[in-house]
Amino acid sequence: KQEVTQIPAALSVPEGENLVLNCSFTDSAIYNLQWFRQDPGKGLTSLLLIQSSQREQTSGRLNASLDKSSGRSTLYIAASQPGDSATYLCAVPTSYNTDKLIFGTGTRLQVFP
Amino acid sequence: DVKVTQSSRYLVKRTGEKVFLECVQDMDHENMFWYRQDPGLGLRLIYFSYDVKMKEKGDIPEGYSVSREKKERFSLILESASTNQTSMYLCATTTGAGDQPQHFGDGTRLSIL
């Protein structure tokens, strides 16, 4: 059964730092991986979706990489800002060719001025 | 932009009541999902629908049922609410093509007293 782990559980950094958030999954037979952001008391917002055939995706200051063989993905945030403070979650399909996702428990990020 | 609307942001009900949570999407997406989110447990899938009147159980369907009479609307029903169903409930949709992210509503924080 697929399991998803995110490390660290929480992170507090000063503004301007470059960050790396980690996501690990146990079954490498995935066809995509998604990163989401969640603000307190709100729903999830999709940040990036990486297909299994891709190694990375970029959106603004965010870059997500995928290494299927090692069961890992990283979300890189460049030049962090206080507005980046949120919980970041990764998710993979529960099995091949399904839209049902299994989520990690997230990394809570705080960026202070 | 995809819009996913959940009928209530906050809801307080009593033990034993029948509770309806509504979710409406405006993008003609095939797939709709209901999750609950609890501290330390992350997001867990309750039910999933891949077409009108079609549904599939998720990981924690006990105590819940769903209804999808129209493509744009997916309802979650707590047949007889219990205190252990106090949680944040999140609705999500996706196209069903397998290469698009899930889009979430803002969530309903449900308290059962």
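Protein chains get the first letters and strands the later ones, always in sequence-line order, with residue 1 at the start of each.
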Novice: Are A:Ile102 and B:Ile46 connected in the hydrophobic side-chain network, where two residues link if heavy atoms are under 4.5 Å apart?
Specialist: no

Novice: Could you look at B:Asp106 and say if it's the side chain, the backbone, both or neither that has a heavy atom under 4.5 Å from chain A?
Specialist: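 Its backbone and side chain both get close to chain A.
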
Novice: Please name the pair of heavy atoms, one in A:Leu44 and one in B:Phe104, separated by the smallest distance, quoted to 0.1 Å.
Specialist: O-CB, 3.3 Å

Novice: Are B:Tyr89 and B:Leu45 grouped together when hydrophobic residues (ILVMFWY) are joined by side-chain heavy atoms under 4.5 angstrom apart?
Specialist: no

Novice: Which region of B:Gln102, side chain (C-beta onward) or backbone (N, CA, C, O), has a non-hydrogen atom less than 4.5 Å from a non-hydrogen atom of chain A, or is it both or neither?
Specialist: both

Novice: Is the side chain of B:Gln37 donor-acceptor paired with the backbone N or O of A:Gly43 at a distance under 3.5 Å, no angle test?
Specialist: no

Novice: Measure distances from B:Tyr50 to the heavy atoms of chain A and classify the residue's part below 4.5 Å as side chain, backbone, both or neither.
Specialist: neither

Novice: Heavy-atom count around B:Arg14 CZ within 6.0 Å, excluding the residue itself: above 12?
Specialist: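 No.
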
Novice: More than 12 non-hydrogen atoms from neighbouring residues, nucleotides or ligands closer than 6.0 Å to CD on A:Glu3, yes or no?
Specialist: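 No, because the 6.0 Å sphere around CD of A:Glu3 holds 12 heavy atoms or fewer from other groups.
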
Novice: Can you hop from A:Val4 to A:Phe103 via hydrophobic side chains spaced under 4.5 Å?
Specialist: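 No, A:Val4 and A:Phe103 fall in different hydrophobic clusters.
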
Novice: Going only through I, L, V, M, F, W and Y residues with side-chain contacts under 4.5 Å, is there a path from B:Tyr35 to B:Tyr64?
Specialist: no

Novice: Assess whether atom NZ of B:Lys3 is packed by more than 12 heavy atoms of other residues, nucleotides or ligands within 6.0 Å.
Specialist: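 No, NZ of B:Lys3 has 12 or fewer neighbouring heavy atoms, counting only those of other groups under 6.0 Å.
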
Novice: Checking B:Arg9 against chain A: side chain, backbone, both or neither under 4.5 Å from a heavy atom?
Specialist: side chain

Novice: Say you draw a straight line from OG1 of B:Thr94 to CG of A:Leu49; how long is it, rounded to the nearest 0.5 Å?
Specialist: 8.5 Å

Novice: Please name the pair of heavy atoms, one in B:Met88 and one in A:Lys42, separated by the smallest distance, quoted to 0.1 Å.
Specialist: CE-O, 4.1 Å

Novice: Who among A:Thr45, A:Leu101, A:Thr94 has the most heavy-atom pairs with chain B under 4.5 Å?
Specialist: A:Leu101

Novice: Of the listed residues (A:Gly104, A:Ala9, A:Gly106, A:Gly41), which shares the most heavy-atom pairs with chain B below a 4.5 Å separation?
Specialist: A:Gly41

Novice: Would you say B:Met32 and B:Tyr47 are hydrophobically clustered, going by side-chain heavy atoms of ILVMFWY under 4.5 Å?
Specialist: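 In one cluster: yes.
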
Novice: Does atom CZ of A:Arg108 have more than 12 heavy-atom neighbours from other groups under 6.0 Å away?
Specialist: no

Novice: Is any side-chain heavy atom of B:Leu90 closer than 4.5 Å to one of A:Gln38?
Specialist: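 They are in contact (side-chain heavy atoms under 4.5 Å apart), so the answer is yes.
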
Novice: Ignoring hydrogens, what is the shortest heavy-atom contact between B:Leu43 and A:Leu89? Give both atom names and the distance.
Specialist: CD1-CD2, 4.0 Å

Novice: Quick one: of B:Pro101, B:Gly42, B:Ala92, who has the most non-hydrogen atom pairs under 4.5 Å with chain A?
Specialist: B:Pro101

Novice: If I compare all heavy atoms of B:Lys57 with all of A:Lys100, which pair ends up nearest, and what's the gap?
Specialist: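 Closest approach of B:Lys57 to A:Lys100: O-NZ, 4.4 Å.
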
